[in-house]
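All remarks here apply to the structure that follows.
Keep in mind that the numbers below use all heavy atoms, side chains included, and drop hydrogens, waters and symmetry copies. Proteins get letters first, then strands, A, B, ... in listed order; numbering begins at 1 in each.
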Amino acid sequence: MRDRPLSHESGRRWVLLLGVTVIIALLAVLGVVVVNRFGGAGEPVAVEGIVGSEKVALFEDERVRARFAELGFDVRVRPRGSRLLAEGADEADFVSPGSASASEHVRELHGVTTEYQPFSTPMVLLSHGPVAEALEGAEVASRKEDGTWSFDLAAYLDLAGERTRWRDLPGNSVSSGNRNEVLVRTTDPRTSNSAAMYVVVLSYLLNDEEVVPPGDVDGELSATLSRLFLAQGQPPESSQQPFEQYRDLGAGHTPLLWAYESQYVYAAVAGPPPPEDAVLMYPEPTVYSTHTVVPFTDTGDEVGRLLTEDPELRDLIAEHGYRTDDTAHFRDLVDEHGLPVRVQVDDVVHSPTYEALEALLNDIEGSYESTGMAPPVEEDGRTGRRGGGRE
Amino acid sequence: MRVRAWGAALAVLVLASACTAEGGGGVFGGDRTLRVLAGSELADMEEVLAASAERTGVRLELEYTGTLDGTERIAAAGDAGVASEGGEPFDAVWFPSNRYLHLVDQERSLVDAETSVMVSPVVFGVVESRAEELGWTDDDLVRGVTWGDVAEAVSEEGLTYGMSNPAASNSGFSALIGAASAMADTGAALEAGDVERVGPELAEFFSGQEMTAGSSGWLMEEFARRQERGGAAVDGVVNYESVLMSHAASGEGRPLALVYPEDGVVTADYPLTLLAGASDEAAADYEEVVADLLGAEAQSDIVERTFRRPVSAEVAAEDFPDLVELPFPARREVVDDLVAAYFAELRRPSRTVYVLDVSGSMEGQRIGDLRTALVALTGADEGSLSERAQLFQDREEVTLLPFSTEPWEPSTFVLEPGSSDGARADLAAEVAALEAGGETAAYDAVAEAFSLLAKGGGDDHLMSVVLMTDGEVNQGAGLDELVGEMADLPSEVASVPVYPVLFGEGNGEEMETLALVSGGRVFDARQMELERIFREIRGYQ
């Protein structure tokens, strides 16, 4: 939010205005001198970045902007969907994808060898107390000794395969009226990095616990994935909207959300806080969303370096809920706020290559366009465009 | 370099000081304005927005439209943008929901940013005494009732309700999606094929729909007026929770029990949406307005004044029950087909008498406009979803009753499924043959329309009369005489609304009276194309 003039009183102050102007002009001269002394290099150098939308809040944080300004940079970012990030990205000074495979693609496309990995965050599931208990009863969720929760994704896939409804879960903790299927709410797999991370993890499980190799897409696997997206209905474009709905609209609206751990931590630390009955669960397995910086210019390179090395920026990054390679920092934050967060996340899978993941996402994208009645076979021989519909 | 930087810094600071000393929000003393194409539901936000503009200095200039219509205009214009009344393109849109926009614009090329500012689910309001009869009672809100239970109450207990037109208004659209999803009961988003499977149940549900309207605000007003008039009252209304709560707070009419379908609702989330073509200045203003509207002050204001739910954790939402949200279809065809099925198969068909002035004053351009407007409604099944829904639908009955010195012989067209194209062509030919001449006996013709409807009455059609006249009624019965006759109408036509169209030198006051007495609404075609008005009226038939 931009600063607003404070006074709302009415005018009639032209004489005063003149005086104020003179004073402020003098202050301005002094101010510019002071800023120049401090920064040492005149106006900050403008740097433009293209980033996944989940990082806009970090880059637009006034403290982050102020620190960059102190260091001589005016960093401006534009959000772009993760799958469109690479195209024409070199018009900017740097690009910041949210996964290692997307980063690899950007570098290959533009022939860049440098890559910074300033921070990352594991994917998690967010739920509500009564829902988590019902999932515990169904042996999908479980509480560990340290009080943190695990979510067994393979068991979830079984539940979803049986089209289990929320009201079918054991116990009385979930509204008996909720006839919706037990489905994880995700973002749009056609545009969003968060949903792509969901595909990474589920494709691993559906491929007999092997990372999906490049090459022809397994039609059955992609049909299963497509259904898990399409059955949710129209998806949110980016990760912020469903998080806000999860936060504000209760368990009936969003019982179970696929999210970045950083979203939860940032909300818990900086507010507005997660709902009182919030339960954070670690999917097993999960995947890390690795946020990288791929520079195209010297200033872009400098931004990547500063995000990785500058202690003040790293403090702010941690406050936004991200993990850096300084684990003590994250641990301190978790302890200080008493967060139900695992400092050590073990069960982590690797992403398929960019091509393999993109092929899966393309197949899923096609399923949104089909009618859901019959899967048309494309002329190039791909088995894509599976309908996510029921048999 | 340094000099330029100083100069710029000075300029900025001087301007900032000018603002401060002047007070108020303007830059250079002039208010900044964001031009917004908005759903007509947002009309109740004016005080909230005025207070917000005081704080931010950015005024939202809202131009109202139906959600689907507005959505389609934005989508059809694409990069070119849609011009506001002032000629400048809109910077933003603000509809109760962007769901259809996102189905139409899968590429997300039209939207730069969207932020949900408040929410309100679409639920039932049922007259308390009726709710008690149905056993739908609880302390202050009703739970445990499903969409299927409502359908059952319609068929077994004769429950009737009002619901806005799904192709014109978002509340009706949401209710249609909600009813179909809940009855399909797959637990997942609605798919092609589901609607056909649960068609009979849906038709049963919609057989209770006794009132329709092109806007949810007018629907609520007319629902309340019917309560007061007594005889033709309906038992309930489907509308936003916020509209129902506002109605309750106004203390008018009989108290309503809010029935929240247990199997889920479709919630409007009112995303304030910056269009892709907006300027950098508009984008900055947008950011500022959004930040203010999400702040505690505006959020409390929204809850207190409009009864919508807040989206800020700072403002308590304890008074609002937790609801299940039904998944919204992911595919456009599913939605388009459902809306088409609603009009052609599921809803009660309409029976309309068009009472058309063909007196001498209509000669020339006016009769030409009338022909064009009516023939447009007989068109082929093409165009946008809302345009298609405005066409005469299968199962409908359309009667043309031209009048001049006296009513002409009426001609009725029944659009039987399977042979309706022929009926549409006949109707168009009849319209094209209308010629002007003679005096204006409008009220005799309206009385005749009622007796025609009374003869065909007793079935499940939703009936209405459209009266189009361009001048003073100078022949036959006067308005008082007509109103007297209307008081003695047989019960099956007693609640038939008359929709007068103001045209040429038509008498506005008399038309208002006629609309009010019959439960209709006046449409003003003096400043607008007659075709647009005739299309708009279709939302009320």
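At a threshold of 4.0 Å, the pair A:D168-A:R165 does not count as salt-bridged, since none of the basic side-chain nitrogens sits closer than that to a carboxylate oxygen. Between B:R55 and B:E297 a salt bridge is recorded (basic side-chain N to carboxylate O distance below 4.0 Å).
A:Y198 is linked by a ring pair (Phe, Tyr, Trp, His ring centres under 6.0 Å) to A:F229, A:W258, counting only residues two or more places apart in sequence or in another chain.
With a threshold of 4.5 angstrom between heavy atoms, A:L84 does not approach chain B through any atom at all. For B:D263, the parts lying near chain A are the backbone and the side chain together; criterion is any non-hydrogen pair under 4.5 Å. For chain A, the nearby part of B:D269 is the side chain; its heavy atoms alone come within less than 4.5 Å. Residue A:R185 does not touch chain B at all, counting heavy-atom pairs closer than 4.5 Å. Contact of A:E237 with chain B is made through backbone and side chain together, with heavy-atom distances under 4.5 Å. Heavy-atom distances place the side chain of B:R108, and not its backbone, under 4.5 Å from chain A. Contact annotation for A:Q232: only backbone heavy atoms (N, CA, C, O) come within less than 4.5 Å of a heavy atom of chain B. Residue B:V119 touches chain A through its side chain alone, counting heavy-atom pairs closer than 4.5 Å.
The distance between the ring centers of B:W147 and B:F124 falls below 6.0 angstrom. Checked against the 6.0 Å centroid threshold, A:H253 and A:Y246 do not count as a close aromatic pair.
If you tally non-hydrogen atom pairs under 4.5 Å between each of A:Q234, A:E244, A:Q241 and chain B, the highest count goes to A:Q234. Chain A forms the most heavy-atom pairs under 4.5 Å with one residue out of B:Q106, B:E114, B:R332, B:E325, and that residue is B:E325.
Looking at heavy atoms from C-beta onward, B:L101 lies out of side-chain contact with B:L103 at the 4.5 angstrom threshold.
Remark: the backbone N or O of B:L272 is paired with a side-chain donor or acceptor of B:Y286 at under 3.5 angstrom.
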